Amino acid sequence: MPRRSRRRAYPSDLTDLQWSAIASMMPDATPGGRPRKAAKREIVAAILHLLRAGCAWRLLPHDSPPWQAVHHHFRRWQREGVWPRVHHAPVPADQK
């Protein structure tokens, strides 16, 4: 899914190549649950921003998805073992 054009890029954002390497590892919304309002890439971008900046959940930038949604997905993906798979996945280096 393409990035929202209005959102300013952050140093913690993944490149398109990096995102394509992990996108399939990020679970889809739960069937029968509430529809996801934010794209998975935006949720991951907010999580990476939080981890890099070392800020509190409530201090995520205003152009990020709501902090409650980001926290929910972070914890859900943590319980489901997504982060170790993503962490150990080979991510291609950026083309310069």
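Given the structure is predicted, the values throughout are model-derived calculations rather than measurements. When a residue number appears, it is its place in the shown sequence, counting from 1.
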Exercise for review: Go through the steps to decide whether Arg41 and Asp16 satisfy the test side chain to side chain contact (heavy atoms under 4.5 Å, CB included), and finish with yes or no.
Suggested key: CA-CA 10 Å; Arg41 186 171 182 167; Asp16 290 338; 2.9 Å; yes
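The shortest side-chain heavy-atom distance between Val44 and Leu14 falls under the 4.5 Å cut-off. Side-chain contact check for Glu42 versus Ser64: every heavy-atom pair is 4.5 Å or farther apart. You'll find the side chain of Arg52 stays beyond 4.5 Å of the side chain of Ile47, heavy atoms only. Using a 4.5 Å heavy-atom threshold, the side chains of Tyr10 and Asp13 count as touching.
Trp57 and Phe74 have tilted rings, their planes meeting at an angle from 30° to 60° on a 0 to 90° scale.
With rounding to the nearest 0.5 Å, the separation of CH2 in Trp83 from CD in Gln78 is 9.0 Å. Note: Cys55 SG to Leu60 CG = 5.0 Å, rounded to the nearest 0.5 Å.
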Please tabulate, one pair per line, all N/O donor-acceptor pairs under 3.5 Å involving side-chain atoms of residues 24-37, not counting sequence neighbours.
unit_1, atom_1, unit_2, atom_2, d
Asp28, OD1, Lys40, NZ, 2.8
Arg36, NE, His73, NE2, 3.2
Arg36, NH2, Pro27, O, 3.4

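Scanning for salt bridge (Lys or Arg N to Asp or Glu O under 4.0 Å) contacts around Arg76 gives Glu80, with sequence neighbours left out.
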